[in-house]
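Single-structure report; data block below.
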Amino acid sequence: MLQSLGGQPVPLVIRKPACDWLWGQRHAIVVRGKGYSNKDGRGRGVMAGPVEDAILFKVDGGSPASMALRPSHDLDLSLEINYRKMEVGTSMSMWYCKGHPEW
C-alpha cells in the first residue's frame, strides 16, 4: 500500500544512472525557474539537481497504477511527464489543472 497524504514527505533521489557527468554527486528532483500559469492551470518546472535542494513529495493514491506525486509545499501540483509523451528525452514538470486533480 502506498503512503497517503498524511505520511511523511520524501525526496525523489535519482539512484541510476549515477549521473557522474552532473558534477559527480547524487541528484534528486528539484524546482527549476519560476512558476507559470494560464487559463487552464499552473505549474513549475523541475530538473535533476543536488540532493540538498530536493523537493519533498507526498504520495496521493492507493496503488502505483493510480497515484500522484505531490510536492509537500503545494499539494495542488503533481509531478507529470509533459504532454504525456512516454519517450526518452521528454521533460517533466509539476502541474495543476483547474477543475480536476492530476493522477
Side-chain angles (χ1 to χ4, degrees):
M1 187 69 165
L2 294 173
Q3 171 183 350
S4 71
L5 281 174
Q8 293 295 316
V10 296
L12 295 180
V13 176
I14 300 167
R15 294 181 56 184
K16 291 185 180 182
C19 300
D20 292 334
W21 50 275
L22 286 173
W23 314 288
Q25 59 186 354
R26 292 185 62 194
H27 287 78
I29 303 296
V30 302
V31 171
R32 181 183 79 189
K34 296 181 180 178
Y36 51 90
S37 62
N38 62 33
K39 65 179 178 54
D40 297 321
R42 61 186 177 84
R44 292 289 307 260
V46 297
M47 63 183 222
V51 169
E52 54 271 6
D53 296 336
I55 302 167
L56 297 180
F57 287 92
K58 290 195 170 197
V59 176
D60 183 8
S63 76
S66 177
M67 67 174 205
L69 296 172
R70 301 190 187 281
S72 61
H73 68 276
D74 187 343
L75 295 175
D76 285 339
L77 296 174
S78 62
L79 192 62
E80 179 170 298
I81 297 171
N82 293 342
Y83 311 108
R84 305 210 192 281
K85 285 178 64 177
M86 308 302 177
E87 300 173 3
V88 173
T90 301
S91 59
M92 296 179 73
S93 64
M94 294 182 294
W95 179 250
Y96 162 73
C97 185
K98 291 179 184 172
H100 97 57
E102 301 294 321
W103 66 352

In terms of hydrophobic clusters joined by side-chain contacts under 4.5 Å, are Leu56 and Met47 together?
no
Report the residue from Trp95, Tyr96, Phe57 that forms a side-chain contact (heavy atoms from CB on, under 4.5 Å) with Leu77.
Tyr96
Rounded to the nearest 0.5 Å, what separation is found between the CG atom of Leu79 and the CZ atom of Arg70?
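One gets 11.0 Å once the value is rounded to the nearest 0.5 Å.
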Salt bridge (charged side-chain N to carboxylate O under 4.0 Å, His left out) involving Arg32 - partner list, sequence neighbours excluded:
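Partners of Arg32 under the salt bridge (charged side-chain N to carboxylate O under 4.0 Å, His left out) test: none.
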Once side-chain hydrogen bond (donor to acceptor under 3.5 Å, both in side chains) is applied, do any residues pair with Asp74, and if so which ones, sequence neighbours excluded?
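If we apply the side-chain hydrogen bond (donor to acceptor under 3.5 Å, both in side chains) test to Asp74, skipping adjacent residues, the hits are Arg42.
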Which heavy-atom pair separates [X] from [Y] by the least distance, and what is that distance?
X	Y	value
Ala28	Val51	CB-CA, 4.1 Å
Ile55	Met94	CD1-CE, 3.9 Å
Met67	Val59	SD-CG1, 4.2 Å
Arg44	Gly35	CD-CA, 3.3 Å
Asn82	Ser91	ND2-OG, 2.7 Å
Lys98	Asn38	NZ-O, 3.9 Å

